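By convention here, the first residue in the shown sequence is residue 1. Each ligand, and each atom within it, is numbered from 1 in the order the structure gives. What's counted below: heavy atoms across the whole structure, side chains too, no hydrogens, waters or symmetry copies. Remember, it's a predicted structure, so these values are computed and weren't measured experimentally.
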Amino acid sequence: METTDPQQNASLDSFASVYATVFANMDQGFCLLEKVHNSAHHPSDFRYLMANPAFEKHTGLSEVVGKTIRQVIPQVEPETMALYEQVALTGQSTQFETYVAPLDRWMEANAFRISQQPTQIAVLFTNITERKRAEEAQQVSEVKYRTLFETMEQGFGIGQILPADEQAGVPMDYQWLEVNPQFERLTGLARADVLTQTTRQLVPGLEETWYEGYGHVATTGETVSFEAYSPVLSRWFEVYVFALGSPASRRVGVLFSNTTERKQQQKRQALLLKLADATRSLTASVDIMAAVSELVGGYYEVGRCGFADVPPPYDHLVIDQDWSNGTLPSLQRVYPLSSWDEQIISQFRSGQTVAMSGAVKQAQSQPQAGELNQAAASRSSIWVPLLKEGQWVASFFVQDTDNRSWTEGEVSLLEEIAERTWAAVVRARAEEALREEYRRKDQFMAMLGHELRNPLAAMTNTLLVLELTQGQDQSLPYAKGIQMLTRHSQHLTRMVDDLLDMSRIRQGIVRLEWEVVNLNELLELTVEDAQPLYRERNRQLSLALPAQPLYVRGDEARLAQVVMNLLTNGAKYTHPQGKVWVSLELAEDQAILRVGDNGIGLTQEERTGIFEVFVQGATSLDRPHGGLGLGLTVVKHLVEQHRGQIQAFSPGLEQGSEFVIRLPRLRDLTDRASTRQDEQAYTSGRVLVVDDNADFADMTARLLRSKGFEVYTRYTGAQGLAGAESLRPDALLLDLGMPYLDGYEVCRQIRAQVWGQAMAIIALTGYGLEADQQKAAQAGFDGYLLKPVDLGTLAQVVAEGIHRTKKH
Ligand code: ADP
């Protein structure tokens, strides 16, 4: 480019030197390229005409001048070469970023044509690999954090603190700028609302501590972590708050998890532990119930909590233990179940918990709701029924004033607690009953000694006097002495009878001799028998009978004993000139027998307790009336054995008492006739007794004959089998343990025959194990009697067996 003008040349020289300096010192890489002539066989290429010192720094390549690009970088990207071609051809300068794979470098370059000729181009470039890598790394880490942010279990949010404007009276607030998806789930707040509203707008009433906490972090730059409950959100949170950026930016990062469940679990665990401690360390059932009610009431934060019993006959509910936090009155009372929603009662009976929220119930139960409904249902409550052998016997409940709704967790926890603590209450009650029985027994033994000694002392004295005076003394003539002895010995006998009866009844071995009993006759006779006692004691006894006789099926002697016991009590627990009246009435299918008096009456406690064994009213050893406290227990057992019921009534002490017995009656004479026939059938029929103990077999046969049966005996299994076939008895009494062919086998073989199906086969054996009985039942026995067996039972079982087979 030299000119002919020397001045111009001089200035050109100085330009050249400037360029040369720039060229040598510039930071960018530079090269001048000339297109190499290409042929069809050679791909396009460029030769380095010039490269500045920085070229080497940026590319790592040296001494390139004179070489072509392809020589220097054989793997050069075709795209780059094409681009250079393009620049050379069009003269359009091009800026680009490219990754030069063979050099493993990123370049930012500008290619431009240097003259008009389409052969030379220059490239200015910079190695931007480091920047690129940093950018990439940044990108990767951003993706990483984004992913973490989106997927992490914890909630995360970036909050902007909005400082208070004291002049305008606006308190400090904050606004979420960004929250992750978990934020929504853990707080229960919708993301869209969270990002568009300030917290005061979003959660009105949120506790101030949250604002203070976040504000503190934003202004001080401190990092804090804490666990706190938000009553407004009803959740526990574990929170980690840190400042983001400078204090001026007023931003905080909040990382948190919802620990409600864990907290509840801990609280629950602590409660169960406390309950276990309470139920373990306390022995009195009332103490256990009180402790449980208080702990549970406190835990559920309810107004009232307690236990309710549903005692037999399961038609009323007794709340005698409840805890209240003072906002609700105690519910302690007896409530008839009829005063409660039938539907609720049937849910309880089927073992279902009922959880109700006050508002709903109120609407349903107004206005004619019964008292229990009123008391229980106007509240939010959970009632857990407790069943014993399928029978609803008690409930555990919590109640609150608020219209509170219950979570599934709360209901199921209460069920668990009810189940566990009720078991402890039942255990404690059983122990109490046992202790009480021991106490009563001790008391009873002391009294028994006393009671037996009284008539004995009187008898001994009478005997002594009689012996001394030979019956000559006027004050105690012989006849009077005998009379006294008789009376005292009768008294003794009665006590001993009561004792024996009691123990037999308690062991369940009293068998009734069933027959048709005319209650009118029975009452007449018994009242007549009691009159001498009443005359002697100066009491009056009256009887009112229906015109038509009433019949029941029962044991005449036992029923008479029942009435006599009540009449004896009547004479004992009335005052001189006192009155006792007996009446009989008909009510549908029941005979109602009442024994009333105007005597000392009963307290409420006595009314429920007196039927229990050894219980006596206001006991003292110095009792004027005598008696062992067994009479009513015997009465109750006997009445129940007759499928009847007995109840005691009294308005209170000194206001008389009434004992009411209900017995299922025989409807009419046809009933009676059919029963007569049954009775007939009962004592007729053919019986075969098979036992290898011949004496036993013979004796059994004799006894059964005395009852009217037609009886045969055999002494081996084989004979028994043959006898059964030829005699075809209605009933077969079969010993189990016999040599050769035992009772099981005989029974099996008989049952295999057509004629052996209807026969009543009864085992009569000394083997009493449950397994033996099962084996017998499998072999085909209908009944099982253990030796020795009393005649009554024997006859009854045989008769029932025959009766059954005849019926089929
Ligand atoms: P005992 O008469 O031997 O004490 P019972 O079992 O017959 O035993 O009666 C139990 C208790 O019931 C009596 O001790 C008494 O307190 C009460 N009792 C029974 N009958 C009457 C009655 N007609 N009036 C008042 N109390 C009665």
Side-chain angles (χ1 to χ4, degrees), residues 436-437 439-455 488 490-506 526-527 530 533-534 537-543 558-583 593-640 645-661:
E436 174 61 17
E437 186 161 340
R439 193 190 61 78
R440 281 204 214 130
K441 248 186 191 154
D442 282 349
Q443 212 177 23
F444 176 75
M445 294 312 277
M447 193 190 59
L448 180 61
H450 190 78
E451 292 297 331
L452 292 176
R453 210 183 46 203
N454 277 349
H488 287 302
Q490 274 171 351
H491 184 46
L492 268 180
T493 310
R494 214 169 41 238
M495 278 197 278
V496 172
D497 279 351
D498 272 0
L499 269 178
L500 286 177
D501 264 356
M502 194 56 240
S503 74
R504 276 163 55 205
I505 283 175
R506 293 209 348 146
T526 318
V527 165
L533 173 72
Y534 274 70
R537 287 177 159 258
N538 189 17
R539 265 67 162 181
Q540 289 172 32
L541 176 60
S542 60
L543 172 66
R558 292 303 189 174
L559 287 175
Q561 186 184 0
V562 164
V563 178
M564 191 49 119
N565 275 357
L566 294 180
L567 295 185
T568 315
N569 279 350
K572 282 198 296 192
Y573 301 110
T574 45
H575 301 289
Q577 266 122 47
K579 288 196 173 103
V580 176
W581 51 89
V582 182
S583 71
L593 197 166
R594 296 174 201 270
V595 179
D597 65 49
N598 62 354
I600 63 168
L602 295 161
T603 62
Q604 191 190 339
E605 203 180 321
E606 282 173 334
R607 282 204 294 279
T608 46
I610 46 173
F611 294 109
E612 279 172 44
V613 74
F614 309 140
V615 170
Q616 293 183 313
T619 316
S620 85
L621 284 186
D622 187 25
R623 291 161 356 112
H625 311 300
L628 300 175
L630 297 176
L632 287 181
T633 316
V634 171
V635 164
K636 180 162 191 265
H637 274 288
L638 289 177
V639 168
E640 283 172 0
Q645 292 162 0
I646 180 163
Q647 278 172 298
F649 299 93
S650 170
L653 280 184
E654 294 304 336
Q655 299 186 59
S657 346
E658 188 182 41
F659 291 81
V660 180
I661 295 176

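Contacts classified as side chain to side chain donor-acceptor pair (under 3.5 Å) and involving residues 650-660 (residues at least two apart or in different chains) are given here: H575-E654.
At least one heavy atom of G601 lies less than 4.0 angstrom from ligand 1. Within the structure, the closest approach of F611 to ligand 1 does not fall below 4.0 Å when heavy atoms are considered.
For the atom pair NZ of K636 and CD1 of I646, the computed distance is 9.0 Å after rounding to the nearest 0.5 Å. Distance CG/D597 to OH/Y573: 11.0 Å, rounded to 0.5 Å.
Nearest approach of L653 to G601, heavy atoms of both residues: CD2-O, 3.9 Å.
Geometrically, ligand 1 and K572 share a nitrogen or oxygen pair separated by less than 3.5 Å. Polar contact with ligand 1: present for L632 (N/O pair, distance under 3.5 Å). The distance criterion of under 3.5 Å between nitrogen or oxygen atoms is met by D597 with respect to ligand 1.
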I'd like a table of donor-acceptor pairs (distance under 3.5 Å, sequence neighbours excluded) in which one partner is a side-chain atom from residues 562-570, with atom names and distances.
| residue | atom | partner | partner atom | Å |
| --- | --- | --- | --- | --- |
| N565 | ND2 | G631 | O | 3.4 |
| T568 | OG1 | M564 | O | 2.6 |

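Only the side chain of I600 comes within 4.0 Å of ligand 1, counting heavy atoms alone; its backbone N, CA, C and O stay farther away. If you look at T574 next to ligand 1, there are no close heavy atoms at all, none under 4.0 Å.
Atoms of ligand 1 lying under 4.0 Å from any heavy atom of F659, numbered from 1 in the order shown and given with element: 20 (N), 21 (C), 22 (C), 23 (N). Residue I610 approaches ligand 1 through these ligand atoms, each under 4.0 Å from one of its heavy atoms: 11 (C), 12 (O), 17 (C). Of all atoms in ligand 1, listed by their number and element, those nearer than 4.0 Å to a heavy atom of L630 are 6 (O), 8 (O).
The residues R439 and E436 are annotated as salt-bridged, a charged nitrogen and a carboxylate oxygen being separated by less than 4.0 angstrom.
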*Stepwise side chain to side chain donor-acceptor pair (under 3.5 Å) test for Q604 and R607*: CA-CA 5 Å; Q604 191 190 339; R607 282 204 294 279; 4.9 Å; no
